[in-house]
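Data block below; observations after.
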Number of protein chains: 2
Amino acid sequence: MSLESVPPKYAQLVQALQRRIESGTYQPGSLLPSEHQLIAEFGVSRPTVVAALRVLREQGWIESQQGKGRFVRGRPAMASVESNRRGQAFLTNPETDSPGKLVEAGSAALPNRVATLLNVQPKSRAFLRRRLVTRDGEPTELVSLWLPLELSEGTDLTSGEPLPQGIREHLQTRKGVRFDHIVEQITARMPTAGEAKQLGMPKNVPLLAVFGAVRDASGLPLVVVEVLLPADRHELEDAYPVR
Amino acid sequence: MSLESVPPKYAQLVQALQRRIESGTYQPGSLLPSEHQLIAEFGVSRPTVVAALRVLREQGWIESQQGKGRFVRGRPAMASVESNRRGQAFLTNPETDSPGKLVEAGSAALPNRVATLLNVQPKSRAFLRRRLVTRDGEPTELVSLWLPLELSEGTDLTSGEPLPQGIREHLQTRKGVRFDHIVEQITARMPTAGEAKQLGMPKNVPLLAVFGAVRDASGLPLVVVEVLLPADRHELEDAYPVR
DNA sequence: ACCCGACAGGTTGTTTTACCAAGTTTGAGC
DNA sequence: GCTCAAACTTGGTAAAACAACCTGTCGGGT
């Protein structure tokens with residue numbers, strides 16, 4: 001008896017066609033064999049062929065045109081561009097991964113913008129955990145984490161120690177909340193005197209400010225992350241499909 | 001005879017189920033009716049039901065678990081956040097949509113960063129089309145479009161008139177290139193004296209600079225867009241799923 | 001000679017019926 | 001109380017038919 005599970009036929013077909021596109025057997029811009037030809041070659045039924053081609057279309061390998069056929073687009077370059085989302089990393093990676101110093105951890109009054117993102121009354125209080133991240137011994141980023149007081153109770157976020165677990169995992173196991181997506185706002189402004197000093201940057205260099213509101217699937221805000229980056233040392237990169 | 005086309009059955013089912021989730025008939029976390037129940041209620045075949053449920057799963061409305069059933073997640077908040085991609089709009093919308101003034105249109109030497117994004121030799125020349133976009137009569141954004149000279153030949157991009165057609169469509173029909181995705185870089189810096197004057201902004205306010213490299217499906221760069229935004233008047237918003 | 005419509009044959013899109021496989025829960029029987 | 005089979009669930013495959021769409025060809029007309 002073999003314990004290794006074989007992937008479904010349509011998934012095997014997907015891989016086979018991907019290999020042919022990558023190897024150049026099917027040139028970008030050219031016409032893919034018709035459904036009937038693929039049925040004959042691989043010895044599967046039409047629904048199986050269609051299921052495989054649907055996956056390829058949704059992943060961007062091919063595009064189809066009713067009445068004409070399916071055209072090869074090539075290996076989707078999107079997948080190879082790693083998205084450098086600032087907010088993402090700080091939520092999933094443990095703090096022990098990046099060296100830094102805890103600046104603040106406790107209850108604090110919310111800035112206006114953060115209160116709006118958390119969907120609470122302005123000037124109300126929430127839990128704040130702020131860390132100065134260093135790279136090569138130099139301070140590079142100031143990361144602030146805000147969350148409602150009721151969400152911070154019973155967690156280890158108040159501790160001065162770096163969290164060995166990702167914040168995402170920490171909150172998910174302890175409070176049962178599920179992160180779903182992040183709404184990100186990016187602005188630029190001049191640093192305050194205190195920020196410039198903490199980050200060791202000239203006062204005439206602007207600051208990139210990234211606000212990330214983490215929400216659950218229904219859109220309810222759970223946590224807000226603010227990342228401050230000196231603009232002369234950082235830039236943000238991202239990729240997305242057209243239309 | 002009626003000219004209006006009816007959507008396919010599976011799409012109708014998708015809409016019907018979405019309405020029930022939105023109206024609260026199906027509560028988040030609860031179990032969706034089984035395939036058999038949906039077949040009986042809507043009078044369609046199983047593949048049709050499965051097709052609809054597959055769409056809902058891929059869009060994040062529900063999640064499925066073999067042997068147990070399908071669970072309601074709720075309305076995916078992602079979809080309701082319209083992505084405010086800067087580069088996107090300037091490529092698809094005709095210039096006549098946004099009032100503005102053409103500042104430059106012709107061959108120009110490439111800045112280092114743009115040459116890198118276009119994957120050409122530094123200091124080589126390319127076609128530049130620069131527009132100052134105004135809102136409510138005030139200048140708000142400086143948009144620059146760079147493309148290789150061979151791609152600009154035979155187009156109307158050299159004309160001083162606003163393009164009645166989107167740049168994307170314009171290039172696609174005239175040169176046969178197909179836009180696929182955009183790699184975006186965001187930085188902040190202080191404006192030059194000329195930029196501050198053109199944009200009518202104070203010299204001590206930073207500038208958000210968005211570079212968008214438009215590529216085809218194979219990753220070949222086609223066009224580079226640069227958008228300059230005074231940071232006191234603009235911010236960038238975006239949303240993406242976690243994991 | 002040229003243009004235009006009808007038509008045939010190809011393609012993908014949608015729907016149906018049928019059956020089997022795999023995971024989960026339930027309850028009957030020991 | 002435990003085991004295990006039955007009955008549910010979703011996942012996958014096969015075969016068939018019709019609809020919608022595109023592209024040629026073959027006419028007939030101007």
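What you see below is based on every heavy atom in this structure, not just the backbone, and it leaves out hydrogens, waters and symmetry mates.
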Strictly below 4.0 Å: does [X] bring a side-chain N or O up to OP1 or OP2 of [N]?
X	N	answer
A:R54	C:dT14	no
B:S64	D:dG11	yes
A:R70	C:dT12	yes
B:Y10	C:dT14	yes
B:S34	D:dC8	no

By the 4.0 Å heavy-atom rule, please label A:V44 as base, sugar-phosphate, or nothing.
sugar-phosphate
Can you tell me the distance, in whole Å, between the [atom1] atom of [X] and the [atom2] atom of [N]?
X	N	atom1	atom2	value
A:Q65	C:dG10	CD	C1'	14 Å
A:I39	C:dG10	CD1	C1'	14 Å
B:R46	D:dC8	CZ	C1'	13 Å
B:E58	D:dT10	CD	C1'	15 Å
A:K9	C:dC19	NZ	P	18 Å
A:E63	C:dT12	CD	P	14 Å
A:I62	C:dT12	CD1	P	9 Å
B:L38	C:dT16	CG	P	14 Å

Considering only [options], which nucleotide approaches the side chain of [X] most closely?
X	options	value
B:P47	C:dT15, D:dG12, C:dT17	C:dT17
B:K68	C:dT25, D:dT13, C:dT17	C:dT25
A:Q66	D:dA15, D:dG11, C:dT12	C:dT12

Side chain to side chain contact (heavy atoms under 4.5 Å, CB included) partners of B:K101, counting only residues at least two apart
none
Quick one: closest heavy-atom pair of B:S107 and B:R125, and the distance?
OG-NE, 3.0 Å
Take B:L17 and B:L13 through the side chain to side chain contact (heavy atoms under 4.5 Å, CB included) test and state the conclusion after the steps.
CA-CA 6 Å; B:L17 295 176; B:L13 224 181; 3.6 Å; yes
Are B:L229 and B:L236 close enough, and set up right, to give a side chain to side chain contact (heavy atoms under 4.5 Å, CB included), and what steps lead you there?
CA-CA 10 Å; B:L229 309 160; B:L236 307 172; 3.8 Å; yes
Salt bridge (Lys or Arg N to Asp or Glu O under 4.0 Å) evaluation trace for A:E63 with A:K68:
CA-CA 11 Å; A:E63 55 189 277; A:K68 295 187 72 173; over 6 Å; no
